[in-house]
Structure formats: structure tokens, C-alpha cells
Amino acid sequence: MLDIRFVRSQPEEIEQKLQRRDPSISLRPLLDLDARWRELIFQSEELKKKRNEVSELIGRLKKEKKDASQHIAEMKKVSDEIKRLDGEVKQLDEAIHREMCELPNIPDDSVPVGQTKEDAVLLREWGEKRQFPFQPRNHLELAGLTGMLDFARGAKLAESQFPIYVGMGALLEWALLSFMVDVHTRENGYTLILPPYLVNPQSMFTSGNLPKFEGDLYKLRENDLYLIPTSEVPLTSFHRDEILDEENLPLKYASYTACFRREAGTYGAEERGLIRVHQFNKVEMYKVTTPETSEEELASLVRDAEKLVERLGLHYRTRLLPTGDMALQSAKTFDVEVWLPAQKAYYEVSSCSNCKSFQAVRGNIRYRPKDGGKNRYVHTLNGSGLATSRLLVALLETYQQSDGSIVVPEELRRYLWGIEAIKPKS
RNA sequence: GGAGGAGUGGCCGAGAGGACUAAGGCGGCGGUCUUGAAAACCGCUUCUCGUUCUGCGAGACGUGGGUUCGAAUCCUACCUCCUCCGCCA
């Protein structure tokens with residue numbers, strides 16, 4: 001959420017920047033509500049001042065056993081008027097809050113203006129598309145040969161798009177997760193967090209998922225709890241309503257969780273299998289920084305994601321997303337996209353965003369500056385590191401051999417008892 | 001699920017209708033002393049909002065309602081935590 005005082009201070013400039021994301025955005029209704037709100041709050045506070053003064057007088061009179069009934073009658077009227085004004089103020093509060101919830105983050109000036117994925121700007125490319133001397137299979141065929149994934153039973157147990165990892169498939173997934181957690185914690189200095197998978201509405205609000213995207217979330221029937229679509233959600237609320245010390249920033253967290261997405265809407269046949277599912281695994285990176293350092297911390301976050309893909313020997317490219325393609329809470333987002341040989345397309349395995357103070361305002365997350373100035377909002381950053389389910393597709397398709405076996409990348413072998421290749425079932 | 005107890009500033013903690021100021025401590029900041037530091041001593045230090053901004057005002061004591069001229073304090077609903085019992089990996 002934006003800071004209303006900031007919006008008030010330079011409305012034209014902010015409106016213009018928001019329109020880079022969505023030309024239909026107008027701040028007019030919000031500004032009108034805010035002007036009315038300030039007018040009423042001023043009136044109410046003037047009356048409260050009067051009430052405080054006279055109430056004190058009444059206390060003194062009573063102590064001296066003098067008559068105060070006229071003052072009490074007068075103050076009763078004042079109190080009623082205050083009640084009326086405050087009721088109206090509360091309604092305006094709620095209306096302003098609703099307007100504010102609809103507004104996305106202000107895009108960073110370095111973000112290209114555009115509404116579709118086509119407007120993304122290529123930042124980096126690594127490795128090459130693998131060429132096959134045979135007809136390559138897609139990951140579904142490969143999973144069938146090796147018995148790694150069971151989609152039919154997943155649909156039986158839950159519903160379609162809930163894959164089950166079996167045998168070597170489960171072990172390979174597990175190896176990927178272990179590898180990534182190791183790198184983040186031992187080499188990159190992230191603190192590992194294993195958070196709840198269920199969170200309350202306040203947590204969903206803080207990250208930006210509520211109120212606008214409730215339809216994307218799984219919600220429990222009996223408790224006021226939601227299943228997390230990403231561990232960005234619990235990590236964002238980890239320091240909610242806290243005041244941090246600048247000396248401790250930046251904070252760097254990594255977490256592993258399953259992620260749950262209703263993904264309402266239909267996708268084409270090319271997104272069958274593991275590419276878009278209701279439950280998938282993800283290791284997440286998360287940073288809490290000062291405003292001065294968030295830009296460079298984003299750059300290193302992207303590198304942390306990219307290096308994982310490199311060590312797995314997978315071809316990828318990294319793109320800077322355009323204004324219209326970013327999540328509500330993000331001011332700047334880089335996507336790391338891995339090459340899927342069978343789909344002949346790049347697919348996102350990591351999305352790294354600088355949310356600046358958008359989530360910090362919602363969650364009231366601040367820090368005490370070293371120099372003793374006023375408390376300020378932190379900046380929050382998140383990035384997948386990485387989404388394994390989709391990464392597994394890239395691994396299978398890239399490392400397949402003509403007989404359907406899968407070569408295990410060097411980095412993963414120590415997590416798989418030294419196995420060099422996964423063979424098809426005989 | 002049952003029965004009790006408790007939620008107060010960055011942290012601990014007092015306050016139980018009116019002293020216009022939420023005591024006191026810890027921590028933090030500044031100073032005195034010191035070669036330097038520690039200790040000791042002396043100050044300063046909750047947050048949010050509005051504003052015509054060196055100032056003024058309003059609000060906040062888990063959250064929302066209510067009673068009252070006036071609520072941290074009384075009533076009410078809810079939330080969270082702790083202790084014990086029950087169930088359970």
C-alpha cells in the first residue's frame with residue numbers, strides 16, 4: 001500500500017507513474033475522500049479539545065461542591081456531536097482504505113512501460129539450448145518411463161493438477177530442495193525459516209494477496225485461515241508491527257514451503273503436467289533492507305537465483321518485467337526463465353521483486369535509523385530460489401538420453417547417493 | 001474441548017472513574033569525570049494522526065462496541081498468551 005501522506009504530497013506525479021501500469025487509474029476519488037476526511041477530523045478534534053477543557057472544569061467544581069449541571073448538559077451535546085462526526089470519519093476511513101487497497105505499487109523509473117510479457121527487456125542469457133541427435137521426449141513421457149510422477153492418483157486423492165512424486169521423482173525433488181537450502185544457508189548467508197502453511201487474513205493483506213486476489217487462494221471452511229500461495233506471505237509478516245534496528249539490516253531469510261494456488265482460469269494443453277499445478281514446492285529468498293540499499297540487494301538476489309540455475313547446467317534468460325506485468329506489490333521485478341526443450345519455450349522459475357515500502361506500510365514494518373532520526377519504513381524484497389516443480393521439468397527434458405534415462409547433474413549427485421543417471425523402468 | 005489467570009511505550013513493570021503530563025526501572029542517546037574505557041553522577045528518550053509546524057491540538061494501555069460531562073480504570077463481545085485437565089503426532 002502507498003503512504004497516503006506521500007500520495008497527498010505529490011498527487012499528479014504519482015498518478016502519472018501509476019498510469020504507466022494501468023492507464024485507467026485515477027487518484028481523484030481518493031483525494032476527494034481524503035480532503036473531506038481531514039476537514040472532519042479537524043472539526044472533531046476541536047470539539048474534543050473543548051470537551052477536555054470543560055470536563056476538567058467539572059471535576060474541579062465537583063471537588064469544591066459547586067454546581068456543574070449546566071456544563072454537564074452542554075458537554076452532553078458536544079459529546080453527541082463528536083460521536084456523529086467520528087461515525088462519519090470512520091466511514092471515510094473505510095472508503096479511503098478500500099481505494100488505497102486497489103492501488104498497485106509505483107513502478108520504479110527504470111522499469112520499461114508496457115502491458116504484456118512482450119515488453120520485457122532481456123538482461124542476461126546463460127548457456128545454450130540443448131540440441132538433440134534424437135527426438136526429445138517431453139517431461140510427461142519421461143516421467144512415465146521412469147515412474148517418477150503419478151498424476152492419475154493425484155487426481156484420485158485430491159483433484160486434477162495435484163501431482164504425486166514417486167520414488168526417484170520424489171528423491172530428485174528432495175535433492176533439489178536440499179541443494180538450494182544448502183547454498184542459501186551455507187554460502188549466501190540466508191537464515192532458514194520453516195513457517196506455517198496456513199496464515200490469517202492480516203498476513204495475506206500485508207503481502208498484497210488480500211483483498212484483491214482472494215479468488216486465487218484456498219481458504220479453510222471452519223477457520224479464518226488461508227493456504228499460502230508462496231512463503232513470501234509468512235515471511236512478509238514475520239516482522240509485522242515491529243521496529244527493527246538499522247544495524248541488523250539487511251535481514252536475509254530463506255524458506256522452503258509447499259505452495260497452493262487455485263489458479264482459477266484455463267490454460268492451454270501446453271501447460272499440462274508439472275508446469276502449472278495447484279500444489280508445488282518452492283524455496284524462497286526474502287530480504288528486509290533500508291531504502292538506500294534495496295536496489296543493490298535486488299541485483300544480488302537475482303544473481304543468487306541465477307547461480308542456482310547455472311550450477312544445475314540449465315540454459316536460462318533473465319528479463320526485466322514491464323510495468324503492466326508486475327504483481328500488485330512490486331515496484332521492479334526480474335524473472336529468471338529456464339528453457340524447456342520440449343515446449344520450446346522459456347518458463348519462469350524465479351521471480352525477484354523489490355516491493356520497496358509497499359508491504360512495509362501494510363504490515364507497519366519500520367526501522368530505527370542509526371543517526372537517531374524518525375522511524376522509517378523498511379523495503380522488502382522476495383525472490384524464488386527456486387520453484388522446484390517447474391525446475392524438475394527443465395531437468396528431465398534437458399538431461400534426457402535417447403533411451404529415456406536422465407543424467408543427474410553433478411551438483412545433485414551427493415544428495416542422491418552418487419547416482420549418475422535415473423534409468424527407465426524395465 | 002473444559003477450568004482458571006493475564007495482555008500497558010523498544011523491553012520489564014506500576015496505575016483499579018477526575019493531580020490537564022502512563023510512576024519507576026532496563027536499554028538507547030548526550031554530558032560530567034578519565035590518557036582511554038568501565039563505574040558513578042546529571043540530563044534527554046513511547047507511538048500515531050491533524051495542523052497555520054522551533055509551536056499547537058487530538059488519539060492510542062490486546063481489538064471492536066457501550067456506559068459517563070470525563071475511561072488504562074466500569075460493562076460487553078471477540079482475539080492472543082500462560083497454567084492445569086482432556087484428546088493427540
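Naming convention: chains lettered A, B, ... in sequence-line order (proteins, then strands); numbering from 1 in each chain. Please read all numbers here as calculations on a predicted model, not as lab measurements.
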J.: Mind telling me whether B:A16 is syn or anti, cutoff 90° either side of 0?
T.: syn
J.: Any side-chain N or O of A:Lys49 below 4.0 angstrom from OP1/OP2 of B:A58?
T.: no
J.: Is the shortest side-chain N/O distance from A:Arg368 to OP1 or OP2 of B:G10 below 4.0 Å?
T.: no
J.: Do A:Asp93 and A:Arg98 meet the salt-bridge criterion of a basic N to acidic O distance under 4.0 Å?
T.: no
J.: Within this structure, what is the CG-to-P distance between A:Leu40 and B:G57, rounded to whole angstrom?
T.: 22 Å
J.: Would you please confirm or rule out a distance under 4.0 Å between OP1 or OP2 of B:U67 and any side-chain N or O of A:Lys83?
T.: yes
J.: Over how many whole Å does the gap from A:Ile72 atom CD1 to B:G70 atom P extend?
T.: 10 Å
J.: Rounded to whole Å, how long is the line connecting atom CD of A:Glu246 with atom P of B:C29?
T.: 14 Å
J.: Under the side chain to side chain contact (heavy atoms under 4.5 Å, CB included) test against A:Tyr367, which residue among A:Thr289, A:Ile243, A:Leu244 passes?
T.: A:Leu244
J.: Under 3.5 Å, is there a donor on one side chain and an acceptor on the other for A:Asp3 and A:Tyr377?
T.: no
J.: Take the protein atom CG of A:Asp93 and the nucleotide atom C1' of B:A58, then report the distance between them rounded to whole Å.
T.: 14 Å
J.: Do the non-hydrogen side-chain atoms of A:Ile406 and A:Met168 ever get within less than 4.5 Å of each other?
T.: no
J.: Any side-chain N or O of A:Asn52 less than 4.0 Å from the OP1 or OP2 oxygen of B:A58?
T.: yes
J.: Give the rounded distance in Å between these two atoms: NZ of A:Lys90 and C1' of B:G64.
T.: 7 Å
J.: Scan A:Arg5 against the nucleic acid and name what it touches under 4.0 Å (heavy atoms): base, sugar-phosphate only, or nothing.
T.: sugar-phosphate
J.: Taking 4.0 Å as the cut-off, does a side-chain nitrogen or oxygen of A:Arg8 come that near to OP1 or OP2 on B:G50?
T.: yes
J.: What is the separation between atom CG on A:Asn375 and atom C1' on B:C49, rounded to the nearest whole Å?
T.: 15 Å
J.: Please identify which of these residues, A:Arg303, A:Lys252, A:Lys287, A:Lys332, meets the salt bridge (charged side-chain N to carboxylate O under 4.0 Å, His left out) condition with A:Glu297.
T.: A:Lys287
J.: RNA chain B: A:Lys48 or A:Tyr377, which has the more 5' nearest nucleotide?
T.: A:Tyr377
J.: Checking only heavy atoms, does the side chain of A:Glu45 share a donor-acceptor pair with the base of B:G57 at less than 3.5 Å?
T.: yes
J.: Once you round it to whole Å, what is the distance between C1' of B:G59 and CG of A:Asp86?
T.: 10 Å
J.: Counting heavy atoms from C-beta on, name the nucleotide in B:A58, B:U51, B:C69 closest to the side chain of A:Arg38.
T.: B:U51
J.: Check whether any side-chain nitrogen or oxygen of A:Arg366 sits under 4.0 Å from OP1 or OP2 of B:U48, and answer yes or no.
T.: yes
J.: Round to a whole Å and report the spacing from CZ of A:Arg60 to C1' of B:G17.
T.: 18 Å
J.: Can you find a side chain N or O atom of A:Ser79 that sits less than 4.0 Å from OP1 or OP2 on B:G70?
T.: yes
J.: Report the glycosidic orientation of B:C53: syn if within 90° of 0, anti in every other case.
T.: syn
